[in-house]
Protein chains: 2
Amino acid sequence: MTQAAKKPSSASEAVVESVRERRRARTRDDIEATALGLFLERGYGATTIEDIAEAALISPRTFFRYFASKEDLLLARGRDKMALAARSLGERPPHEPVMDSLRGMLGVFAALHSTDRDRELAWMRLVTTTPRLAAGFLEMVHGMELVLRDFMALRLGVEAGHRRPRLVSAAVGTAFRVAAEMWHDSDGAEEMTVLVRENVETLVAPLLETWTGPARTSC
Amino acid sequence: MTQAAKKPSSASEAVVESVRERRRARTRDDIEATALGLFLERGYGATTIEDIAEAALISPRTFFRYFASKEDLLLARGRDKMALAARSLGERPPHEPVMDSLRGMLGVFAALHSTDRDRELAWMRLVTTTPRLAAGFLEMVHGMELVLRDFMALRLGVEAGHRRPRLVSAAVGTAFRVAAEMWHDSDGAEEMTVLVRENVETLVAPLLETWTGPARTSC
DNA sequence: TGGCTTTTTGGCAGCTTGTGTCATAGTGAC
DNA sequence: GTCACTATGACACAAGCTGCCAAAAAGCCA
């Protein structure tokens, strides 16, 4: 169920999705877009699953076959993007300076970012202004931090439970989160990617400098 | 409803709560303790409001007169503690070095901290292992950051929307959060307060040093 | 003590989210 | 065209949560 198409029937060898999978993805996108429209129109809380199902021409039961919850509908995409960006660190050359790897990750994230700025802004507004979603957003960033932590442990040469990978990965997540807040509050005036990069430079770079070089002390 | 006792009937002038208020507080504590016991025994998800109500000798309807939700039951106390600690910054001398104010805040927080270590550990385990609660915990810290942000804006002499108060307050919150994770993962072996202090020194101090002194540049 | 006012509580009815189950319709593979 | 698998819809149902109203309890005043 979770696995991708394992046997490409055509000659092409790229990610060939079966017809079913593509159809499923299209339905999923359709539900998502429909729901987002309703949310922006009436608000998150005032829109029921039944409303969404009706507007998307599916049954309420079917909704839950595409999304684990109403919350998931809005957060899944962001979660995937973040996880993908974080995991891309694994393909970085092992001896590259950590800051360079992070900059590379930002590039991956930027490439994944939707070009529809207004839509992203609306999404961000919805997510940050609805308490339950805001909590979910923070958890989403936290999930990315967990992936980052293992990477940092590897690069810093200590176990993941140590303070350094914990603090560094949390700092990166914080840089992301604060950038998102700034981007939203400025109505998208500044480029999100730039904001993230600046925050990482400010918050993470000094932290790494003290550790990647001479440090080999306690904790 | 939300206001405290305004007319103390006795001569004492401290925070005199009416009999009703004290009774209410006692019932609230009672429900909380009962529920925590059930959660630890059967798990958060496997314990229903009805179970809690029955064990606490109240009706399910009454439960919601004491707590906004099942989640709130576990998070309200922590939220209050953090808000109290953060707000205590307002009573600090205005020209005190920011790091000293933060250390003072940690003292307030430590004083509020329960002496029952096992109970706090169990609470932390419950909250961090239950996804929905974990998200709520993160939001709780985020709430503290919002209070911190205004304070930082004041001290740094810029508006709250600027990058510096944002990053510094978020860094403090992150220091808190990571300390909580470390404390939990180490089974409370290290003192929570110490962990927070060390994280603040590592993450926040360098950030402040670059800004409180010479800095008066752009952002 | 007795009566009045306010708060607290319980019960009920109802909405919403989310899940298990089963039958049915659609689709792809051969 | 048949067979197997998947997607869907239609229940039924548990649990969280809210509004509403009536009853009980608690404080208050004479």
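Just so we're on the same page: letters track the sequence lines, and every chain starts at 1.
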Stepwise side-chain hydrogen bond (donor to acceptor under 3.5 Å, both in side chains) test for B:T27 and B:D30: CA-CA 5 Å; B:T27 306; B:D30 188 42; over 6 Å; no
CA sep, side-chain torsions, deciding dist, call: A:Y66, A:R24, side chain to side chain contact (heavy atoms under 4.5 Å, CB included): CA-CA 9 Å; A:Y66 283 91; A:R24 185 169 174 84; 3.6 Å; yes
Side chain to side chain contact (heavy atoms under 4.5 Å, CB included) evaluation trace for A:L74 with A:L36: CA-CA 8 Å; A:L74 279 167; A:L36 187 56; 3.9 Å; yes
Derivation of the side chain to side chain contact (heavy atoms under 4.5 Å, CB included) call for A:L102 and A:M152: CA-CA 10 Å; A:L102 286 179; A:M152 288 299 169; 3.9 Å; yes
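Donor-acceptor pairing under 3.5 Å is recorded for the side chains of A:R163 and B:N199. Under the 3.5 Å distance criterion, with hydrogens and angles disregarded, a donor-acceptor pair is assigned to the side chains of A:T48 and A:D51. A:R155 and A:S101 are linked by a side-chain donor-acceptor pair at a separation below 3.5 angstrom, with hydrogens and angles left out of the test.
Of the side-chain N and O atoms in B:T62, none sit less than 4.0 angstrom from OP1 or OP2 of C:dT9. In this model, the phosphate group of C:dT9 is approached by a side-chain N or O of B:Y66 to a distance below 4.0 Å at OP1 or OP2.
At whole-Å resolution of the value, CG in B:L38 and P in D:dA15 are 14 Å apart. When rounded to the nearest whole Å, the span between CG of B:L57 and P of C:dT8 equals 19 Å. Put simply, CZ on A:R65 is 8 Å from C1' on D:dG9, counting in whole angstrom units. Computed from coordinates, the A:R22 CZ to D:dT6 P distance equals 18 Å when rounded to whole Å. We find that CG of A:L73 is positioned 16 Å from C1' of C:dT16, with the value rounded to whole Å. If you measure from atom CD of A:E54 to atom C1' of D:dG9, you get 15 Å, rounded to the nearest angstrom.
Contact annotation: the side chain of B:E32 approaches that of B:F67 to within less than 4.5 Å [non-hydrogen atoms, C-beta and beyond]. Side-chain contact between B:F176 and B:E145 is absent, with no heavy-atom pair separated by less than 4.5 Å.
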Check nucleotides 25-27 of chain D for protein N or O atoms closer than 3.5 Å to its own N or O atoms and list the pairs.
unit_1	atom_1	unit_2	atom_2	d
D:dA26	N3	B:R20	NH2	3.4

Shorter than 3.5 Å, N or O on both sides, protein versus nucleotides 16-19 of chain D: list them out with atom names.
unit_1	atom_1	unit_2	atom_2	d
D:dG16	OP1	B:K70	NZ	3.0
D:dG16	OP2	B:I49	N	3.1
D:dC17	OP2	B:K70	N	2.9
D:dG19	N7	B:R61	NH2	3.1
D:dG19	O6	B:R61	NE	2.7

